[in-house]
There are 2 protein chains.
Amino acid sequence: MSRILYELAGADPARRFSPFCWRIRMALAHKGLEVETVPWRFTEKDRIAFSGQGLVPVLVDGDRTVADSWSIACYLEEAYPDRPSLFGGTGGLGMARFVNSWTDGVLHPGVARLVVSDIPAWLGPEDQAYFRASREQRYGMTLEEVTAGREARVREFRKDLQPLRLTLRAQPWLGGAAPNYADYIVFGAFQWARCISAFPLLEAGDPVAEWRGRMLDLHGGLARAAPGHEA
Amino acid sequence: MSRILYELAGADPARRFSPFCWRIRMALAHKGLEVETVPWRFTEKDRIAFSGQGLVPVLVDGDRTVADSWSIACYLEEAYPDRPSLFGGTGGLGMARFVNSWTDGVLHPGVARLVVSDIPAWLGPEDQAYFRASREQRYGMTLEEVTAGREARVREFRKDLQPLRLTLRAQPWLGGAAPNYADYIVFGAFQWARCISAFPLLEAGDPVAEWRGRMLDLHGGLARAAPGHEA
């Protein structure tokens with residue numbers, strides 16, 4: 001049975017930088033499931049039209065097609081119950097929604113305001129035009145204006161990581177004694193930045209930086225092997 | 001076997017307003033465990049010295065004494081494994097730490113900046129002096145200065161609840177399909193405010209306000225029955 005994951009890529013097909021796709025790459029590795037990953041670009045909406053929507057990740061698992069990272073994670077947990085659990089029980093499934101909401105609503109916007117102007121350089125001409133136009137409209141300013149002053153503003157970003165830091169001072173993973181989907185949700189944001197920007201988000205010695213190092217080593221160093229900057 | 005919970009109280013012993021104590025009151029009800037609650041005031045450090053520290057909640061469960069809300073929740077889960085689970089599995093236990101860290105680091109400071117000046121009126125003279133002095137030193141300003149302009153600032157507070165709101169738009173409880181300790185952690189903050197302040201933290205129609213209403217009804221309306229303001 002074939003298993004295919006459509007992933008956002010840069011002009012170089014090996015440059016995979018979507019935080020949502022990274023959640024699923026790590027989740028598949030956690031479940032020990034082989035997957036063929038297919039590079040996809042922002043402007044190739046037609047190529048994933050079969051999924052009924054226009055965003056990646058899209059997982060095609062045999063005859064099942066699932067889009068949206070949260071839906072894919074829930075699908076994997078249900079379809080492969082005998083593999084290591086992504087949520088560690090019903091309570092974890094419930095609370096992972098909160099981790100997901102915090103990541104989407106606080107962490108991602110924070111990361112984007114520090115690195116978004118570094119993204120276009122990795123894209124082909126068509127995607128570059130699309131990305132710049134759509135994001136600059138959303139922000140109401142140029143991408144360079146969005147990230148201006150980031151060397152000073154990164155201190156605020158690091159303060160906003162305090163809930164993460166307090167958690168990781170008390171235990172090695174967001175999932176507790178072992179990593180689970182909560183870790184993959186949050187890690188996706190840092191891996192996104194690592195793949196497209198050299199800007200240092202974290203300070204050495206920060207428990208969040210130490211956890212990121214452990215995440216990069218997980219599953220045979222899957223995330224560390226991906227083309228990106230030193231983290 | 002006797003089970004006693006030392007809880008923060010105002011001059012009126014029925015006015016119980018500690019967010020940390022509310023976490024445990026709800027957790028005990030969740031487990032279906034009877035408890036005798038004992039009112040305690042900020043300045044009565046001697047009365048809980050047997051616990052080896054000076055803060056409530058303190059649970060005395062037969063011959064076991066446990067302080068600190070997180071430690072008490074973990075104790076209850078371990079000591080009463082056949083009662084309904086507080087965490088819903090190991091993943092929930094891990095992620096509840098994140099909910100706890102977000103609540104302590106983001107939600108509590110946000111609530112405090114809106115209602116802390118309403119607390120002294122509920123305290124006896126000794127506690128009033130202690131509370132005002134210790135908190136004003138921490139803030140570096142009077143309690144009235146801390147909450148000044150709250151009618152305008154509450155909008156920022158409500159924005160900071162977005163991770164909570166997104167979660168509760170997708171599912172009825174933080175715990176998922178049923179409430180668990182994640183709900184009690186977060187609810188404690190709203191119950192704290194409800195017990196000491198008439199200031200409206202939430203707008204009608206907010207999914208967070210609707211969830212708070214469901215929380216007030218839980219376990220036979222335990223939290224709604226406590227002396228407090230309309231929420």
Side-chain angles (χ1 to χ4, degrees), chain A residues 27 30 68-71 73-74 77 81 84-110 158-187 207-208 211, chain B residues 27 30 68 70-71 73-74 77 81 84-110 156 158-187 207-208 211:
Chain A
H30 183 100
D68 175 71
S69 62
W70 179 261
S71 298
C74 291
E77 188 75 344
S85 173
L86 286 171
F87 299 107
T90 54
L93 175 60
M95 294 184 222
R97 270 274 197 199
F98 181 77
V99 176
N100 209 78
S101 299
W102 179 81
T103 302
D104 292 353
V106 177
L107 182 57
H108 279 198
R158 289 171 186 160
K159 274 190 206 160
D160 288 343
L161 302 180
Q162 193 62 4
L164 208 53
R165 190 171 293 119
L166 290 175
T167 305
L168 294 167
R169 268 193 198 133
Q171 59 193 38
W173 310 97
L174 292 175
N180 69 16
Y181 194 62
D183 293 274
Y184 306 143
I185 293 168
V186 175
F187 174 70
V208 180
W211 162 84
Chain B
H30 183 101
D68 175 73
W70 179 262
S71 299
C74 293
E77 189 75 343
S85 174
L86 286 170
F87 298 107
T90 55
L93 175 60
M95 293 184 222
R97 270 276 197 198
F98 181 77
V99 176
N100 209 80
S101 299
W102 179 82
T103 302
D104 291 354
V106 177
L107 182 57
H108 278 198
E156 279 307 308
R158 289 172 186 159
K159 273 190 206 159
D160 288 343
L161 303 181
Q162 193 62 5
L164 209 51
R165 192 171 291 119
L166 291 174
T167 306
L168 295 168
R169 267 191 200 134
Q171 60 194 36
W173 309 97
L174 292 174
N180 69 15
Y181 194 62
D183 293 273
Y184 306 144
I185 293 168
V186 175
F187 175 69
V208 181
W211 163 84

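Lettering follows sequence order; numbering is per chain, from 1.
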- Looking only at A:G88, A:A182, A:S85, A:A178, the option with the highest number of non-hydrogen pairs under 4.5 Å against chain B is A:G88
- What option among A:V106, A:D183, A:L166 has the most heavy-atom pairs under 4.5 Å with chain B? A:L166
- Item | Close side-chain approach of B:T103 and B:H108, heavy atoms under 4.5 Å | yes
- Query: Does A:R158 reach the side chain of A:V208, with side-chain heavy atoms less than 4.5 Å apart?
  - Reply: no
- Which atoms of B:L168 approach chain A - backbone, side chain, both or neither, heavy atom under 4.5 Å: neither
- Query: What residue among A:D160, A:I185, A:L161 forms side chain to side chain contact (heavy atoms under 4.5 Å, CB included) with A:L107?
  - Reply: A:L161
- Heavy-atom closest contact (A:P207 atom, A:R169 atom, distance): CG-CG, 3.9 Å
- Item | Parallel, tilted or perpendicular: ring planes of B:W70 versus B:F87, cut at 30 and 60 degrees | tilted
- Who wins among B:G89, B:G92, B:G175 for the most heavy-atom pairs under 4.5 Å with chain A? B:G92
- Query: Is it the backbone or the side chain of A:A177 that comes under 4.5 Å from a heavy atom of chain B, or both, or neither?
  - Reply: neither
